[in-house]
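Read through the structure below, which is laid out as structure tokens, and then see the notes.
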4 protein chains.
Amino acid sequence: MPTKKKPQVTTGPAAPARRRELLDIAAAVFAEQGYNATTVRRIADNSGMLAGSLYYYFDSKDAMLEEILRTFLDELWDQYDTVLGAGLGPGETFQALVTESFRAIDRHRAAVAIYQNEAKQLIAQERRFAFLEVSQLKFEKTWLSTLERGVAVGEFRADLDTRVTYRFVRDTVWVAASWYRPSGRYSPEQIARQYLSMVLDGIAVRT
Amino acid sequence: MPTKKKPQVTTGPAAPARRRELLDIAAAVFAEQGYNATTVRRIADNSGMLAGSLYYYFDSKDAMLEEILRTFLDELWDQYDTVLGAGLGPGETFQALVTESFRAIDRHRAAVAIYQNEAKQLIAQERRFAFLEVSQLKFEKTWLSTLERGVAVGEFRADLDTRVTYRFVRDTVWVAASWYRPSGRYSPEQIARQYLSMVLDGIAVRT
Amino acid sequence: MPTKKKPQVTTGPAAPARRRELLDIAAAVFAEQGYNATTVRRIADNSGMLAGSLYYYFDSKDAMLEEILRTFLDELWDQYDTVLGAGLGPGETFQALVTESFRAIDRHRAAVAIYQNEAKQLIAQERRFAFLEVSQLKFEKTWLSTLERGVAVGEFRADLDTRVTYRFVRDTVWVAASWYRPSGRYSPEQIARQYLSMVLDGIAVRT
Amino acid sequence: MPTKKKPQVTTGPAAPARRRELLDIAAAVFAEQGYNATTVRRIADNSGMLAGSLYYYFDSKDAMLEEILRTFLDELWDQYDTVLGAGLGPGETFQALVTESFRAIDRHRAAVAIYQNEAKQLIAQERRFAFLEVSQLKFEKTWLSTLERGVAVGEFRADLDTRVTYRFVRDTVWVAASWYRPSGRYSPEQIARQYLSMVLDGIAVRT
DNA sequence: GATGAATGAGACTTCATTCAT
DNA sequence: TATGAATGAAGTCTCATTCAT
């Protein structure tokens with residue numbers, strides 16, 4: 001029908017490719033300079049347009065950030081859910097989750113970096129980003145139960161505080177986004193293998 | 001006696017104590033909300049004064065941040081240098097450095113969190129914070145050489161990429177500042193021991 | 001035709017015209033109230049916009065001042081250089097320079113007043129205004145050499161201190177900006193003639 | 001009597017010497033940096049005290065400025081009135097007034113410079129400085145009538161616009177404060193004589 | 001007489017956002 | 001689709017001034 005729809009924030013039909021492009025540019029800047037320190041004008045400059053023009057595609061700076069993070073988390077959970085539904089043992093699950101995480105870092109480096117840097121503040125300050133907290137809790141439950149199952153079946157050491165271990169593993173994996181470069185000499189799977197080797201077996205020589 | 005003394009010893013010179021107090025308040029807010037997202041007014045509110053009054057003590061918001069980070073790093077390097085000058089073997093050095101790091105987190109939790117969140121941007125954007133990069137490089141050299149010495153004498157596994165391991169260890173330690181609470185149920189030394197157990201021996205059961 | 005042209009010639013590029021307009025308003029206020037005593041908000045009020053909007057056109061209050069003074073000095077030197085390149089004798093040169101100066105006052109009254117009031121401080125306090133000092137030195141050289149040539153060829157009295165005379169002439173001319181009104185009953189050329197009469201022949205009756 | 005008087009602003013008996021000293025320091029800074037650009041703290045620094053302490057001696061920054069200017073103008077008018085009451089002819093009066101003006105510049109260089117730079121704005125902006133306008137009007141009347149008497153008796157050229165000539169002479173004299181240095185190679189009387197020679201006889205060679 | 005600490009108003013500036021074209 | 005111009009809120013910082021000690 002002849003009614004023109006203004007593009008929707010989440011699924012807008014108008015020029016979805018351009019949207020993606022703009023979000024990628026925005027994500028790169030957010031990751032590098034920090035969300036607050038990034039001006040809309042900077043994103044526009046990098047996109048070859050003027051600041052005001054971005055508002056044709058997005059409702060606000062916050063909306064861009066939200067879409068970046070949602071896209072990343074949606075895809076991440078797709079992968080995680082596949083792993084979790086595969087009926088693997090705890091050790092295998094653990095390794096698969098770590099590997100998927102490094103793949104996510106590989107594909108969404110900017111989004112991961114943003115998530116690392118900003119999530120805490122966003123959750124505390126804006127209701128719009130409550131979904132981040134939801135994801136975090138689901139995350140925690142997933143990893144904790146995997147670790148506990150692993151302890152139960154004797155695959156993980158029983159003398160570790162599971163909560164501390166959870167944080168240890170979580171940080172260990174995601175912080176890699178701050179230095180990992182897709183074009184570096186390791187593939188995500190290789191990095192994952194190295195990390196797993198350290199986390200599972202330690203860095204000390206076994207005596 | 002009729003001699004007028006300026007500041008009484010009992011009261012102490014007011015300014016330095018108040019400065020410390022204000023810096024602690026500022027550090028707490030910076031850590032919680034992020035440096036950019038923190039307004040000078042917020043710091044003043046938390047200090048029971050008006051925004052302008054802070055400028056009686058400090059030249060600028062940046063100057064406050066700089067002093068917070070310098071104080072932390074200066075003290076940290078005092079401890080590190082003591083460890084490094086003690087003539088310990090690489091394994092012992094490693095453990096001592098980790099322990100000192102957790103002690104630093106215990107004493108300067110806010111400063112560590114700020115350092116984690118902001119250092120990258122500060123180095124890139126303001127010459128005033130070049131000292132952060134200097135510290136980072138010294139840091140890297142210290143840890144890398146300790147790891148390499150450990151590999152050389154057979155205390156650390158030889159099959160690990162030292163740079164990746166360095167990042168792994170570094171992140172592992174400092175990210176703890178984002179969740180560690182001084183009043184929690186573990187002392188810094190206990191946390192250090194748990195971390196060392198995981199990092200050195202791994203979380204998997206030895207087969 | 002279907003080709004879209006960006007700015008129409010009839011309208012002209014909006015920005016440069018508006019800039020000029022805003023600079024004229026700013027110059028008037030700077031001249032009347034003094035640069036420091038003038039608030040950006042005052043300029044905006046006089047321009048029918050909000051203070052922040054000025055920053056769409058100019059980087060800062062200083063930048064506005066700089067552009068005002070540069071525009072004035074550039075044009076002044078254009079005229080001076082034409083006079084100096086005309087191969088006139090010292091007396092004629094002197095008269096032509098004075099006349100051009102009064103014309104400049106006529107066209108850039110506000111800028112001249114600002115220059116008179118602020119140049120000394122600006123040169124001392126901000127590197128950005130070093131060009132004012134350059135101009136001053138060139139100015140001094142020009143007038144001094146004209147006077148000296150005049151003395152040499154016997155057109156000016158030989159018993160005067162040239163430096164003192166230079167200052168006398170310089171001040172005499174430019175201070176007029178503080179009271180000259182373009183709409184007054186004298187044209188710049190008429191004012192120039194009166195000034196020249198006084199300066200060259202004195203106000204006393206010849207005995 | 002045992003009552004302690006707080007020092008009065010204008011005639012305060014408490015430490016009048018210190019007041020003078022402070023006013024001299026303030027005048028020097030006002031003259032060099034401009035009134036608005038001068039901070040109370042700067043004056044205090046130059047006086048070896050803290051900003052707040054100045055308020056023991058003076059009610060406000062404005063009050064300091066007022067006292068500086070009043071002191072200067074009072075003394076100037078004392079001298080002028082003496083000249084005007086001496087029953088001299090217009091030419092001699094003219095020369096005597098010019099000479100007194102250069103003496104005033106010699107004794108109150110800072111005050112004269114401040115007067116030159118700020119009077120216009122002060123008169124327009126603050127009622128407290130209305131006395132400046134009173135003085136200006138008296139000034140104008142004095143010089144104008146001297147010039148007119150001189151024309152009437154044939155001592156000054158009749159073909160000059162008296163108002164323009166008045167401004168010419170006035171500016172010519174006072175602007176000297178901007179470059180005259182008491183320790184320079186000319187005494188105020190010598191400078192006066194040079195100025196009079198130029199103003200009365202012109203700089204051109206008589207043909 | 002002077003200090004040290006704080007106030008409060010106001011300055012310049014930045015920036016996300018809007019909207020007519 | 002995009003621009004150009006403008007808004008308005010908010011932020012950092014300055015500074016004259018006050019006042020208890």
Side-chain angles (χ1 to χ4, degrees), chain A residues 4 6-7 14-15 18 36-44 47-64, chain B residues 4 6-8 11 13-15 18 36-44 47-64, chain C residues 4 6-8 11 13-15 18-19 22 36-44 47-64, chain D residues 4 6-7 14-15 18 36-44 47-64:
Chain A
K4 288 190 215 158
K6 217 188 148 222
R18 188 85 173 112
N36 282 309
T38 298
T39 69
V40 162
R41 187 163 168 250
R42 178 64 189 270
I43 299 170
S47 311
M49 40 170 43
L50 294 181
S53 308
L54 284 174
Y55 288 80
Y56 177 78
Y57 296 96
F58 307 100
D59 281 348
S60 68
K61 193 183 165 193
D62 269 14
M64 301 183 78
Chain B
K4 289 189 217 162
K6 287 275 279 310
Q8 292 299 96
T11 313
R18 189 85 172 110
N36 282 312
T38 297
T39 68
V40 153
R41 189 167 161 245
R42 179 64 187 270
I43 299 171
S47 310
M49 38 169 43
L50 294 179
S53 306
L54 285 173
Y55 291 80
Y56 178 74
Y57 296 94
F58 306 100
D59 283 346
S60 66
K61 194 184 162 191
D62 268 17
M64 300 183 77
Chain C
K4 287 188 215 160
K6 286 273 283 308
Q8 292 299 96
T11 313
R18 189 83 171 110
R19 276 176 74 85
L22 295 173
N36 282 312
T38 298
T39 67
V40 153
R41 189 168 161 245
R42 179 64 187 269
I43 300 171
S47 310
M49 39 169 43
L50 294 181
S53 306
L54 286 173
Y55 290 80
Y56 178 75
Y57 296 94
F58 307 100
D59 282 347
S60 66
K61 194 184 163 191
D62 268 17
M64 300 184 77
Chain D
K4 288 189 214 159
K6 214 185 152 228
R18 188 84 174 112
N36 282 309
T38 298
T39 68
V40 162
R41 186 162 168 249
R42 179 63 188 269
I43 299 171
S47 310
M49 40 170 44
L50 294 181
S53 308
L54 284 173
Y55 288 80
Y56 177 79
Y57 295 96
F58 307 100
D59 281 350
S60 67
K61 193 184 165 192
D62 269 15
M64 300 183 76

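Keep in mind that this is a model prediction, so the values were computed, not measured. Below, chains carry the letters A, B, ... as their sequence lines are ordered, and counting in each starts from 1. Heavy atoms only: backbone and side chains are in, while hydrogens, waters and symmetry mates are out.
- For Met49(D), the listed nucleotide lying nearest its side chain is dT3(E); candidates were dA6(F), dT3(F), dT3(E).
- Atom OG in Ser47(B) sits 11.0 Å away from atom CZ in Arg42(B) (nearest 0.5 Å).
- Between Tyr56(B) and dA5(E) there is a side-chain N or O to OP1 or OP2 distance below 4.0 Å.
- With rounding to the nearest 0.5 angstrom, the CE atom of Met49(A) is 4.5 Å from the OH atom of Tyr57(A).
- In this structure, of dT1(F), dT14(F), dT3(E), it is dT1(F) that holds the atom nearest to the side chain of Tyr57(A).
- The residue Thr38(A) sits close only to the backbone: its heavy atoms come under 4.0 Å of sugar-phosphate atoms, none of a base.
- Between the CD1 atom of Ile43(B) and the CZ atom of Phe58(B) there is a distance of 9.0 Å, given to the nearest 0.5 Å.
- Within a 6.0 Å sphere centred on CG of Asp59(C), heavy atoms belonging to other residues, nucleotides or ligands number 12 at most.
- Picking from dG8(F), dT17(E), dT17(F) the nucleotide with the shortest atom distance to the side chain of Lys61(A) gives dT17(E).
- With dT17(E), dC12(E), dC13(F) as the choices, the nucleotide that has an atom nearest any side-chain atom of Ala51(A) turns out to be dT17(E).
- For Arg18(B) and dA6(E), the shortest distance from a side-chain N or O to OP1 or OP2 is below 4.0 Å.
- Here the shortest heavy-atom pairing between Lys61(D) and Asn36(D) reads NZ-O, 3.8 Å.
- Nearest to the side chain of Tyr55(A), among dT18(E), dT7(E), dG4(E), sits dT18(E).
- Rounding to whole angstrom units, CG of residue Leu50(B) and P of dA9(E) are separated by 9 Å.
- In this structure, Thr39(C) reaches the sugar-phosphate backbone alone: every heavy-atom distance under 4.0 Å involves primed, P, OP1 or OP2 atoms, never a base.
- For DNA chain E, each stem of at least three Watson-Crick or G-U pairs (distances under 3.5 Å) is given as range with range: E:2-21 with F:2-21.
- Distances were taken from every side-chain heavy atom of Ser53(B) (C-beta onward) to each of dT7(F), dA6(E), dT17(E); the shortest belongs to dA6(E).
- Minimum heavy-atom separation, Leu50(D) to Ala44(D): C-CB, 3.5 Å.
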